[in-house]
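Counting from 1, the numbers follow the sequence of the chain as shown. First listed ligand is number 1; within each ligand, the first listed atom is number 1. Keep in mind that what you see is a predicted model, and the values were worked out from it rather than measured.
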Amino acid sequence: MINILKKEDCVGCNACVQRCPKHCILMEEDEQGFLYPKVDLEKCIECHLCEKVCPVINQSEPCKPLHTYAARNKDSEIQRSSSSGGVFFALVNYVIKEKRGVVFGARFNDKWEVVHDYAETLEDAKVFKGSKYVQSRIGDNFKFVEDFLESGRTVLFSGTPCQITGLKLFLRKDYKDQLILVDVACHGVPSPMIWRNYLIYVSPNNNCSVENILDVSFRDKKNGWENYGIRIGYNKDSSIDYLFEPMLNNLYMYN
Ligand SMILES: Cc1cc2nc3c(=O)[nH]c(=O)nc-3n(C[C@H](O)[C@H](O)[C@H](O)COP(=O)(O)OP(=O)(O)OC[C@H]3O[C@@H](n4cnc5c(N)ncnc54)[C@H](O)[C@@H]3O)c2cc1C
């Protein structure tokens with residue numbers, strides 16, 4: 001049974017929650033707002049499947065890159081709307097157009113929380129573009145990946161390296177070229193609670209109603225690649241207003 005004694009012994013990947021045959025593990029926010037698994041001991045049958053899929057318990061040797069490439073998307077609009085060079089969306093394009101596959105990534109939901117989801121068209125996959133600096137909720141998406149793979153579809157799954165390792169352990173099968181894994185370079189994910197509180201803090205009259213927020217970009221490049229900043233568009237007094245702050249001047253990004 002998963003028993004987190006030290007916070008650093010869990011990366012919040014959600015693999016244990018989804019693998020439990022008795023559905024007795026739930027993700028709950030701790031006092032800082034990070035998601036950790038909580039086990040219902042009454043329901044646990046001690047099958048230990050949760051431990052078998054845990055990336056912290058099952059650490060492998062660090063691997064060395066076979067090859068390194070630098071690239072950027074040729075489409076300037078995709079470059080602009082992506083956080084870096086838009087290579088992620090080039091891979092999405094390949095999987096959806098060439099392979100008729102399914103892509104998984106992180107998007108905002110209607111409460112501006114960050115959640116994982118999947119898309120089967122280029123239009124629907126646009127919501128995955130751009131880094132969201134918040135821990136995403138994986139939900140049941142590892143199970144959906146498994147279902148699509150077993151039905152013969154090609155799948156691209158993108159997420160943090162911790163989520164990718166959790167998915168690989170969850171699947172416990174090598175799907176070879178049928179599964180394309182994209183892990184973003186990641187220094188860690190901020191807490192969903194801090195993000196929620198920040199949205200209230202920046203909203204007009206500190207009265208953030210999520211339906212007033214129109215769009216969020218953590219890495220807006222309107223002042224160029226080096227002077228990027230966070231941009232939040234919202235409704236204010238029946239017009240549209242924007243907050244734009246360079247990375248180092250912004251309370252959320254700086255901390
Ligand atoms: C939490 C986080 C930390 C990062 N830390 C670093 C860093 O330390 N150094 C660095 O150079 N770059 C960092 N990045 C940037 C990341 O490496 C770039 O997004 C990457 O270079 C891809 O850029 P792109 O232009 O190809 O695609 P983009 O369209 O910008 O990338 C979007 C991709 O990021 C995924 N994604 C977005 N938000 C999340 C999230 N919260 N959780 C999981 N997946 C998410 C989407 O699913 C999609 O695959 C970080 C990104 C995130 C999300």
ask   = Can K129 and S82 be counted as having a side-chain donor-acceptor contact under 3.5 angstrom?
value = no
key: R137 atom CZ: more than 12 heavy-atom contacts under 6.0 Å   = no
query = Can V182 be said to touch ligand 1, with heavy atoms closer than 4.0 Å?
reply = no
key: Distance-only N or O hit between ligand 1 and V114, under 3.5 Å   = no
ask   = Identify the closest protein heavy atom to atom 51 (C) of ligand 1: which residue and atom is it, and at what distance?
value = S131 OG, 3.4 Å
Any N/O pair H116/ligand 1 closer than 3.5 Å = no
Qualifying residue, where the test is ring pair (Phe, Tyr, Trp, His ring centres under 6.0 Å) with Y118 and the options are F157, F148, F142 = F148
request  = May I ask you to check if R231 and F244 form a cation-pi contact, with NZ or CZ under 6.0 angstrom from the six-membered ring centre and within 45° of the axis?
outcome  = no
message = Polar contacts were defined as any N/O atom of the residue lying under 3.5 Å from an N/O atom of the ligand; does this apply to A106 and ligand 1?
response = yes
query = Heavy-atom contacts under 4.0 Å between Q135 and ligand 1: side chain, backbone, both, or neither?
reply = neither
ask   = Closest non-hydrogen protein atom to atom 8 (O) of ligand 1, residue and atom name please, with distance?
value = H187 ND1, 2.9 Å
request  = Report yes or no: does a heavy atom of F89 sit under 4.0 Å from some atom of ligand 1?
outcome  = no
inquiry  = Assess whether a salt bridge exists between E146 and K143, defined as any Lys/Arg side-chain N lying under 4.0 Å from an Asp/Glu carboxylate O.
reply    = no
note = for atom 48 (C) of ligand 1, nearest protein heavy atom and its distance come out as F128 O, 3.4 Å
key: For atom 24 (P) of ligand 1, the option (of S81, P190, G86) bearing the nearest heavy atom   = G86
query = Which residue holds the protein heavy atom closest to atom 40 (C) of ligand 1, what is that atom called, and what is the gap in Å?
reply = K132 O, 3.6 Å
Ion pair check, R153 and E120, cut-off under 4.0 Å = yes
task = Give a yes or no on whether a salt bridge exists between E31 and K7, defined as a side-chain N under 4.0 angstrom from a carboxylate O.
result = yes
request  = Please identify which atoms of ligand 1 are closer than 4.0 Å to at least one heavy atom of T160.
outcome  = 42 (N), 43 (C)
query = Of Y133, W195, F104, which has the heavy atom at the shortest distance from atom 52 (C) of ligand 1?
reply = Y133
ask   = In terms of side-chain heavy atoms, does N250 have a donor or acceptor partner in Y198 at a distance below 3.5 Å?
value = yes
ask   = N/O of V87 under 3.5 Å from N/O of ligand 1, yes or no?
value = yes
Could you go through residues 37-52 and list every donor-acceptor pair under 3.5 Å that involves a side-chain atom there, pairing it with any protein atom two or more places apart or in another chain?
{"residue": "D40", "atom": "OD1", "partner": "E42", "partner atom": "N", "Å": "3.1"}
{"residue": "H48", "atom": "ND1", "partner": "E51", "partner atom": "OE1", "Å": "3.1"}
{"residue": "H48", "atom": "ND1", "partner": "E51", "partner atom": "OE2", "Å": "3.3"}
{"residue": "H48", "atom": "NE2", "partner": "E46", "partner atom": "O", "Å": "3.4"}
{"residue": "E51", "atom": "OE2", "partner": "M1", "partner atom": "N", "Å": "2.2"}

ask   = What residue and heavy atom of the protein are closest to atom 35 (C) of ligand 1, and at what distance?
value = V184 CG1, 4.1 Å
message = Check whether F128 forms a cation-pi arrangement with R107 (NZ or CZ under 6.0 Å from the six-membered ring centre, at most 45° off the ring normal).
response = no
message = Checking N249 against E245: is there a side-chain donor and acceptor pair closer than 3.5 Å?
response = no
message = Considering non-hydrogen atoms of the protein only, which is the closest contact for atom 29 (O) of ligand 1, and what is the distance?
response = G130 N, 2.9 Å
key: Polar contact flag, side-chain donor to acceptor under 3.5 angstrom, S136-Q163   = yes
query = With only distance considered, is S158 within less than 3.5 Å of ligand 1 through an N or O on each side?
reply = yes
message = What I want to find out is whether K221 reaches E226 closely enough, with some N-O distance under 4.0 Å, to be called a salt bridge.
response = no
request  = Starting from atom 1 (C) of ligand 1, find the nearest protein heavy-atom neighbour and note its residue, name and distance.
outcome  = V189 CG1, 3.5 Å
message = Among all protein heavy atoms in this structure, tell me which lies nearest to atom 4 (C) of ligand 1, with the distance rounded to 0.1 Å.
response = A185 O, 3.1 Å
query = Going by the atom numbers of ligand 1, which of them fall below 4.0 Å from some non-hydrogen atom of S84?
reply = 21 (O), 23 (O), 24 (P), 25 (O), 30 (O)
query = Measuring from the heavy atoms of Q163, does anything fall under 4.0 Å of ligand 1?
reply = yes
task = Say whether F88, considering both its backbone and side-chain N or O atoms, lies within less than 3.5 Å of an N or O atom on ligand 1.
result = yes
Atoms in ligand 1 flagged as close to G85, the criterion being non-hydrogen separation under 4.0 Å = 25 (O)
